[in-house]
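Only a predicted model underlies this, so the values are computations on that prediction, with no experimental measurement involved. Note: hydrogens, waters and symmetry copies are ignored here, and every other heavy atom, side chains too, is used. Protein chains get the first letters and strands the later ones, always in sequence-line order, with residue 1 at the start of each.
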4 protein chains.
Amino acid sequence: MTPNTARRKETSRRAILTAAFDLSQEVEYAKLSIEGIAARAGVGKQTIYRWWPSKGAVLFDAFLMLSEGAEGEQPALPDTGDLEADLTAVLRATVAELNDPRYEQPMRALATEIAHDPELAAAYAERLDGPLKEAKRQRLRSAQRAGQLAEGLDLDVAVDLIWGPVLNRWLQRGAPLTTEYTDLVVTTALNGLRSRATTETAG
Amino acid sequence: MTPNTARRKETSRRAILTAAFDLSQEVEYAKLSIEGIAARAGVGKQTIYRWWPSKGAVLFDAFLMLSEGAEGEQPALPDTGDLEADLTAVLRATVAELNDPRYEQPMRALATEIAHDPELAAAYAERLDGPLKEAKRQRLRSAQRAGQLAEGLDLDVAVDLIWGPVLNRWLQRGAPLTTEYTDLVVTTALNGLRSRATTETAG
Amino acid sequence: MTPNTARRKETSRRAILTAAFDLSQEVEYAKLSIEGIAARAGVGKQTIYRWWPSKGAVLFDAFLMLSEGAEGEQPALPDTGDLEADLTAVLRATVAELNDPRYEQPMRALATEIAHDPELAAAYAERLDGPLKEAKRQRLRSAQRAGQLAEGLDLDVAVDLIWGPVLNRWLQRGAPLTTEYTDLVVTTALNGLRSRATTETAG
Amino acid sequence: MTPNTARRKETSRRAILTAAFDLSQEVEYAKLSIEGIAARAGVGKQTIYRWWPSKGAVLFDAFLMLSEGAEGEQPALPDTGDLEADLTAVLRATVAELNDPRYEQPMRALATEIAHDPELAAAYAERLDGPLKEAKRQRLRSAQRAGQLAEGLDLDVAVDLIWGPVLNRWLQRGAPLTTEYTDLVVTTALNGLRSRATTETAG
DNA sequence: TTGTAATCGAGACGGTACGTCCTGTCTTTCC
DNA sequence: GGAAAGACAGGACGTACCGTCTCGATTACAA
């Protein structure tokens, strides 16, 4: 039932993933079709259906191929010792990527597929977002060890507190995603919403 | 060119919106079709195409109808004076709604339509999310006036800092959305990530 | 369930039948596809599937359209009083048609569809072959009344005895279908296989 | 180019022919596929494509295998001296076979392949129908020598006059194929259509 | 006795067509 | 003129086969 991976044709696999990624930026999401991907890749439709369970899974693998090609396995955030500066810099890069016409539509496509497909979401969490999230946690852990972050801090929550607002604003298009906004998110997340005076004098 | 709203049949309009909402929870998103909505509503397809520009717009109006029916126009967050308790309670209610099988699929459907359609996003931001966001801002403003929140705080960012992580985790399915998580988000957002000692000595 | 014939688009119907007939002579039978007919006719596939149950049924209607266009309702065989001459002439015309490149492939296509589809065969027997067969019977009946044919003769069998060998040789390609052959079939069928002497002395 | 027959695997060949024949009676003609035959025979598709040029050729060989297995090489018609009785008996057996569910569909399948494939038709005429037709001619020749059939009779035409109507009615499904019909065909073919009185008095 | 070359089962491949579903438009008929 | 109904051209779906191809694994002939 599961096809024999050994006999798989690597050139076709790459052609499909490349076609999927390229088309997802060229045509609007609703018109991204398996038929179109197969045609662009010069491949029979069955070759796609044989190896991937859904359009979203193809897209996911396309991103995976890209990320594997680009990175030297373990990604890491910059660590200059200045956490706020480092986070600000990273988020500015993220904003640039999210607004980059080469990536925006493909990323929206993947994000919405994930929103409707738990299995795909799990794969994403594990294989694409996982390493990235670990890098983020590492940077925060480093700052925590240096006494810059609260001791009892839940690092997962901390990561969400910084990236959650940004990703949510981007995906839901509440407002344009700017570096001013992300800079402010970093500062506010680090300092918290509370009035300093209140807490400090209370202490 | 624009159809005459005066002659519009209200019963058909409501039937369409009800059918759209109901179907969006019954069938998986990919199988939600205008054809299906029309059939369920007992309405000609043209009646939908005449009044709405897209499937997402129908869904949007369906939510609008629901929200108008339920609320007395201006929504407001509870204000007991204890900000953390109030936010925690509100977020717990939000989690319950996001996880409610009656709303989860329809909300995901609307969210993904928004992610691909700027016009729809603008309508959402203005008419559905707008009043809600204003209520959130109001609650924070009240706390700010009471000296509980930092003076220079950007309330839009503050709102995002609390709701962004939650909505992002829900939509991207990074992990199950629990009240433990949202409670922690509230506390962490209010207190900030930084170590108190650090900031104080640094100040 | 059954589509509403009243709203049917006549131009599409004719385009489909014309395309079906034309393609059945241009491409080899195995490559005659509904998809191809729809494309040639400039029609959606569904329009074919809506009105015809099978490829053979389309082909059948194509022949029906042709025959209705050509004939003034009741076909008749020539009746000069000389039965053998009349039959010979008719069969020569039949041979010409069966060997005519415009008709050969379409007719083979229809014949083989009939061979596998009893419903289609019944429709053929009633609507296409029926009137023709009646004309053949009529001519024989006329000869019978004139005392030229045996009194107890079963006219259905008589018709088969003349046309059966011809059609069978054509369809099964046992040997080239020539007028020499059909002339001989007519003579032999009329006279019978038996030696005259034998029967007479036996009588 | 031509594969080496010496190395051919006989068990696969038989499995293929058996599967082809069996499937041609089990599934409707349009669903008879090389893929299905290979699967049923437990054979790679290439093994079929290596040795046969077409589906019809496989079917033809399947019939050939059957006919060689059953018969002692030269078939012969019964010759009791009573031609009419002998022909009637043979045709009754033919009718039984044509109506036998074990043979009907396979025979229709072969017949329609032949109708579209001249090469296959030639092979059929020579190797399958040839010996049978020779036997029919032999029986008629015997009767002719005994003075029962007209001297100048063309035996090929004579054979067609008897079997043509039967095969044509069977293949085109004009009407159910019964022994009453074939009995009548034999009698009528032998006696001819003409009125005896006419010919006799004319003589 | 051991290559070595062809056949074999298996099944992936680029394609074509299937028959179904839906899109967005159009037309008919009723109200 | 809006509405229900639904036919229409078109396009994508996911499946089934086509005929070709490549892969080891037999298998038989020649060295």
>> Taking the side chain as everything from C-beta on, heavy atoms only, tell me whether Trp51(A) gets closer than 4.5 Å to Ile16(A).
In response: no

> If each of Thr47(A) and Thr47(D) is mapped to the nucleotide of DNA chain E with the nearest heavy atom, which maps nearer the 5' terminus, i.e. the 5' end?
Replying inline: Thr47(D)

> Are any of the side-chain heavy atoms of Leu23(C) and Glu26(C) separated by less than 4.5 Å?
Replying inline: yes

>> Can you measure Trp52(B) atom CH2 to dT23(E) atom C1' for me and round it to whole angstrom units?
In response: 18 Å

> When the nearest nucleotide of DNA chain F is assigned to Arg7(D) and to Arg7(A) on a heavy-atom basis, which residue is associated with the more 5' position?
Replying inline: Arg7(A)

> Considering residues, nucleotides and ligands other than Glu119(A), do more than 12 of their heavy atoms fall under 6.0 Å from its CD?
Replying inline: no

>> Before you tell me yes or no, could you show the steps for Met65(A) and Thr18(A) under side chain to side chain contact (heavy atoms under 4.5 Å, CB included), namely the whole-Å CA-CA distance, both residues' side-chain angles and the distance that decides it to 0.1 Å?
In response: CA-CA 9 Å; Met65(A) 179 177 68; Thr18(A) 303; 3.8 Å; yes

>> So for the helix from dG3(E)-dC29(F) to dC31(E)-dG1(F), with five pairs setting each end axis, what is the inter-axis angle to 10°?
In response: 20°

> Does Trp51(C) make a side-chain N or O approach to OP1 or OP2 of dG6(F) shorter than 4.0 Å?
Replying inline: no

> What string of B, S and - do you get for nucleotides 10-19 of chain F, 5' to 3', if B is base contact, S is sugar-phosphate-only contact and - is no contact with any protein heavy atom under 4.0 Å?
Replying inline: B-BBBBBSBB

> Under the 6.0 Å and 45° cation-pi test, does Arg8(A) pair with Trp52(A)?
Replying inline: yes

> Quick one: Lys9(C) NZ to dT28(E) P, roughly how many Å, whole number?
Replying inline: 11 Å

> Mind checking what makes ring-ring contact (aromatic ring centres under 6.0 Å, His included) contact with Tyr29(A), not counting sequence neighbours?
Replying inline: His116(B)

> Just how far, in rounded Å, is P of dC21(F) from CZ of Arg50(D)?
Replying inline: 13 Å

>> Please give me the minimum heavy-atom distance between Pro101(C) and Gln25(C), naming the atom from each residue.
In response: O-NE2, 3.8 Å

>> Is the shortest side-chain heavy-atom distance between Arg40(D) and Ile37(D) below 4.5 Å?
In response: no

> What is the minimum heavy-atom distance between Val58(D) and Ala20(D), and which atoms define it?
Replying inline: CG1-CB, 3.6 Å

>> Can you see if the side chain of Ser12(C) gets near the phosphate of dA9(F) - specifically, an N or O under 4.0 Å from OP1 or OP2?
In response: yes

> Taking atom C1' of dT23(E) as reference, at what distance in whole Å does atom CD1 of Ile37(B) sit?
Replying inline: 13 Å

>> Between P on dA5(F) and CD1 on Ile48(B), what's the gap in Å once rounded to a whole number?
In response: 12 Å

> Can you tell me how far P of dC8(E) sits from CZ of Arg13(D), to the nearest Å?
Replying inline: 12 Å

